[in-house]
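Keep in mind that the numbers below use all heavy atoms, side chains included, and drop hydrogens, waters and symmetry copies. All chains are named by letter (A, B, ...) in the order of the sequence lines, taking the proteins before the strands, and each is independently numbered beginning at 1.
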Amino acid sequence: MCGATIARMPELPEVERVRRSLAERVVGRRVERVMLRRADIVEGDRSPAALLAGRVITGIERHGKQMAIVTDTGRCICVHLGMTGSLCYEPATRGEKGEGKKHVHVVWTLDAGDRFEFRDPRRFGGVWTFPDRDTLVRDRWSLLGRDALAIEAGELHAALGDSRRPIKAALLDQAVVAGLGNIYVDELLFTCGVHPLTPARRVSAAVVEAMTRAMRALLARSIEAGGTTLRDYVDANGQAGGFQSQHQVYGRRGEGCRVCGIALRSRVLAGRMTVWCPTCQPGGRKR
DNA sequence: ACGATACCCTGATGGC
DNA sequence: TGCCATCAGGGTATCG
């Protein structure tokens, strides 16, 4: 099993857990060599140097669901876990790189033979290389909205603008706010009593204010609980996430609302399975 | 211009 | 048991 971090459907809390657990192991250490086993998982310069060979890792940052591994010269890579991606720390004692494991696309070997690996069966994730942090921000992170843990109510309200699209679709849009995925959007809308079909422009400033607070609290609680584990997630210390037990609506279609008891409704919205409580989240009529 | 849809991909799952 | 259809969805390309 993976020594560090697997997250199925990694959203902001899961990525933050990966960031923290990996940073503990690799910051301050030199990348001795890089093995690229599947070239098309990397976008940009695919040379060993671009993939951080010879560099000393100085930090791991996160913006929304994306991570950046930054090094002493400023050279960095951006890692997106997609749906099934993971960054796993593997001590040297755990055998040879990628041995017997499928879908390990990149292996970074550190001093003493310890290493970390990018694995992604479905390949919705990827790795992007940048000569420096400014280029990463300019070419990639500037396309994202503010991080969901940092965004303020006024900014979120402005980002929603006068869009008529369903609030669920807007909150999933990483250019509006970075870090939310299907699970946390449904949970957030339930918490705020907002119907997922509500046109974004019709969510009042007051509700956006409450939503912003609820979003921070929800994400913070999930990070605290170790993130959401739907199948086999363990962090660097072998601990599974525990937040799934707190889900109010996600994955509970047809089951009773934990607040009012009525059967939760569901439909596909913005291409995503969406679950809500028809009484706790009234309205939703499009205009 | 905006919003909805198709597609990428593999593993888990359920039906027969 | 094994085969096949179905579903899951983050992000992007394309359609309407």
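With distances taken from any side-chain atom of H80(A) to the nucleotides dT10(B), dA4(B), dG10(C), the minimum falls on dG10(C). Nearest nucleotide to the side chain of Y250(A), out of dG9(C), dA4(B), dT10(B): dG9(C).
The side-chain hydrogen bond (donor to acceptor under 3.5 Å, both in side chains) contacts involving residues 150-159 of chain A comprise R146(A)-E155(A), where partners must be two or more places apart or lie in separate chains. Applying the ring pair (Phe, Tyr, Trp, His ring centres under 6.0 Å) test to pairs two or more places apart or on separate chains, those with a residue in residues 259-281 of chain A are H195(A)-W276(A).
W128(A) belongs to a hydrophobic cluster whose remaining members, ordered by chain and number, are F130(A), L136(A), W141(A), L144(A); membership requires side-chain heavy atoms of ILVMFWY residues under 4.5 Å apart, directly or through intermediates.
Contact annotation: H103(A) does not reach the phosphate of dC9(B) (side-chain N/O to OP1 or OP2, under 4.0 Å). Within the structure, a side-chain polar atom (N or O) of S163(A) is placed less than 4.0 Å from OP1 or OP2 of dG3(B). The side chain of Q174(A) contributes no N or O atom lying less than 4.0 Å from OP1 or OP2 of dG10(C). In this structure, K102(A) does not reach the dT10(B) phosphate: none of its side-chain N or O atoms is under 4.0 Å from OP1 or OP2. For R253(A) and dA8(C), the shortest distance from a side-chain N or O to OP1 or OP2 is below 4.0 Å.
Within residues 266-273 of chain A, the residues having any heavy atom under 4.0 Å from DNA chain C are, by residue number, R272(A), M273(A).
Taking atom CE of residue M83(A) and atom P of nucleotide dG11(B), one finds them 13 Å apart after rounding to whole Å. E43(A) places its CD atom 9 Å from the P atom of dT12(C), with the value rounded to the nearest Å. Regarding D173(A), its CG atom lies at a distance of 11 Å from the C1' atom of dG3(B), rounded to whole Å. When rounded to the nearest whole Å, the span between CZ of R165(A) and C1' of dC2(B) equals 9 Å. To the nearest angstrom, P of dG11(C) lies 14 Å from CG of L171(A). Following rounding to the nearest Å, F124(A) (CZ) and dC7(B) (P) show an atom-to-atom distance of 13 Å. In this structure, H63(A) places its NE2 atom 11 Å from P of dG11(C), rounding to the nearest Å. We find that CG of D120(A) is positioned 17 Å from P of dC8(B), with the value rounded to whole Å.
Closest approach of R17(A) and I223(A) over heavy atoms only: NH1-O, 2.7 Å.
Two residues are said to be in side-chain contact when any heavy atoms from C-beta on lie closer than 4.5 Å; L180(A) and L219(A) meet this criterion.
Every ring-ring contact (aromatic ring centres under 6.0 Å, His included) that F116(A) has, sequence neighbours left out, goes to W108(A). A search for side-chain hydrogen bond (donor to acceptor under 3.5 Å, both in side chains) contacts involving R38(A) returns D40(A), not counting sequence neighbours. Under the side-chain hydrogen bond (donor to acceptor under 3.5 Å, both in side chains) criterion, T279(A) pairs with no residue at all, not counting sequence neighbours. In this structure, D139(A) has no side-chain hydrogen bond (donor to acceptor under 3.5 Å, both in side chains) partners at least two apart in sequence or on a different chain.
When the shell of 6.0 Å around CZ of R140(A) is examined, it contains more than 12 heavy atoms from other residues, nucleotides or ligands.
Among the atoms of the strands shown, none is found under 4.0 Å from any heavy atom of R38(A).
A donor-acceptor contact under 3.5 Å links the side chain of R122(A) to the base of dA8(C).
The rotation axes computed at either terminus of the helix from dC2(B)-dG16(C) to dC16(B)-dG2(C) lie 50° apart, taking five pairs at each end and rounding to 10 degrees.
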